Amino acid sequence: MIVWIIFIAVVIFALILDLGVFNRKPHEIKTKEAAIWTSVWVTCALLFSGVVYLSFENDWIANPTNLTPTNAVLKFVTGYLIELSLSVDNIFIIALIFSSFAIPKKYQHEVLFYGVLGAIVFRAIMIVFGVALITEFSWMIYVFGVFLILTALKLLFSHNKQKDPHDFKIYKWIAKIYPVTTTIEGDKFFVIKNGVKYATPLFVALIIIELTDVFFAIDSIPAILAITADPFIVFTSNILAIMGLRSMYFLVVGMLDKFKYINYSLVVILAFVGVKMIISHHVEIPEWLSLGVIVLSLAGGMLASKLIKDPKIE
């Protein structure tokens, strides 16, 4: 448990430094700053793969799936890339939410910070239940596999059909049970006007982001469970991907239009992982192949976005 405790402690310390030191004052995150922090988090994840290797080599953690140190590292990197790539679709939704509620760029980081805190808790719970289900009921892997394929098909046919967050049931539900102001009041989530406490658009955006992350986790958790059921690898790769989501959001949010075909990459990744889960008891797909499919899918989506012209522009 020492490795687990150290990892969680480091994550908490990083979060405290993030909001309490580096981003104590609300400010707009520029592309250069976002690129630096994205590089920092990706580097941390790659360096952590060394910790994974040492942990499995020296039996510092339990190894319920009997992984070799090398396989553990491959599964960690593959799982991390899956979570990071699926986060791209989440970025589209977050950008839409911020735009719909007119959240100023200087306050977006703070909203995402608290969103990450909630996401860590929710995903930890879902990982525990997901690993337990696959460990206890081996047939659940088929259920997860079919679910991922259906999700891929849904993503394929709903491309560019995003709903306005104001139409979400959760927004209407919040507005019914709690007064909501339509104006931004600095970085406050609640304000008092004429003796009445109101929720601000920042709070509503935060709640919707938290819930959308839960929905995305329903896709991403089964996806990484197709790679491994080892709880340490699933948890650490997931959390490190989430930690880097905020900086990646500010890095790519201005380039979303340039990556108009990246959704098709996510369709391929989800479909591949779903098929892998379904045939896992009969055919063993090597980790290098899974890693290759993920990298090539993302590269293909970016290349297509660069080379294929949008007919609407012509």
Side-chain angles (χ1 to χ4, degrees), residues 11 14-44 83-120 160 162-168 170-171 174-175 180-191 193 198-216 240-260 262-263 266 302 305:
V11 168
L15 288 171
I16 292 172
L17 279 180
D18 189 333
L19 194 63
V21 178
F22 297 115
N23 295 285
R24 187 158 50 92
K25 293 182 179 180
H27 67 284
E28 181 181 343
I29 306 296
K30 301 293 186 180
T31 302
K32 182 179 179 181
E33 182 181 353
I36 291 173
W37 280 109
T38 300
S39 301
V40 168
W41 282 113
V42 171
T43 302
C44 286
E83 293 301 321
L84 210 57
S85 59
L86 292 180
S87 294
V88 172
D89 207 38
N90 205 351
I91 287 174
F92 281 83
I93 302 297
I94 293 173
L96 180 64
I97 292 169
F98 282 150
S99 175
S100 298
F101 290 102
I103 307 297
K105 291 183 178 180
K106 65 185 295 187
Y107 301 130
Q108 291 179 5
H109 180 275
E110 186 172 355
V111 175
L112 286 177
F113 174 86
Y114 290 110
V116 165
L117 287 181
I120 289 174
N160 290 332
Q162 303 291 359
K163 291 180 64 178
D164 187 334
H166 287 90
D167 295 330
F168 289 177
I170 183 62
Y171 174 77
I174 292 173
V180 177
T181 179
T182 57
T183 58
I184 302 293
E185 304 287 345
D187 60 348
K188 295 181 174 63
F189 289 100
F190 295 94
V191 292
K193 293 182 176 181
Y198 290 84
T200 68
L202 258 67
F203 179 76
V204 178
L206 173 61
I207 296 299
I208 296 178
I209 286 173
E210 291 284 15
L211 291 177
T212 54
D213 184 77
V214 171
F215 291 129
F216 275 99
L240 286 172
I242 292 173
M243 294 291 286
L245 175 61
R246 288 160 303 152
S247 54
M248 191 169 73
Y249 166 80
F250 291 107
L251 178 63
V252 307
V253 70
M255 303 184 289
L256 290 181
D257 291 337
K258 297 180 182 179
F259 294 133
K260 55 186 178 294
I262 199 69
N263 265 25
L266 305 182
M302 292 179 183
S305 300

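This is a predicted model, so every value here is computed, not measured. We count residues from 1, following the sequence as given.
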> Are side-chain heavy atoms of Met243 and Leu15 found at a separation under 4.5 Å?
Replying inline: yes
> Where is the tightest heavy-atom contact between Ala14 and Trp41, given as atom of each residue plus distance?
Replying inline: CB-CH2, 4.0 Å
>> Using 0.5 Å steps for rounding, measure from the OG1 atom of Thr200 to the CD1 atom of Ile103.
In response: 7.0 Å
>> Looking at every heavy atom in both Pro201 and Thr181, which two are closest together, and how far apart are they?
In response: CD-O, 3.3 Å
>> If the condition is side-chain hydrogen bond (donor to acceptor under 3.5 Å, both in side chains), which residues does Ser247 pass it with, not counting sequence neighbours?
In response: Thr38
>> Going by the rule salt bridge (charged side-chain N to carboxylate O under 4.0 Å, His left out), which residues pair with Lys188 if we only count those two or more places apart in sequence or in a different chain?
In response: none
> Are Glu83 and Ile242 side-chain neighbours, meaning at least one heavy-atom pair lies under 4.5 Å?
Replying inline: no
>> My understanding is that only residues two or more places apart in sequence, or in another chain, count here; which of them pass salt bridge (charged side-chain N to carboxylate O under 4.0 Å, His left out) with Lys30?
In response: Glu28
> Atom CZ in Phe190, atom CG in Leu202: separation rounded to 0.5 Å?
Replying inline: 11.0 Å
>> Quick check: do Leu112 and Phe98 have side-chain heavy atoms less than 4.5 Å from each other?
In response: yes
>> Within the structure provided, determine whether Phe250 and Trp37 are in side-chain contact (heavy-atom separation under 4.5 Å).
In response: no
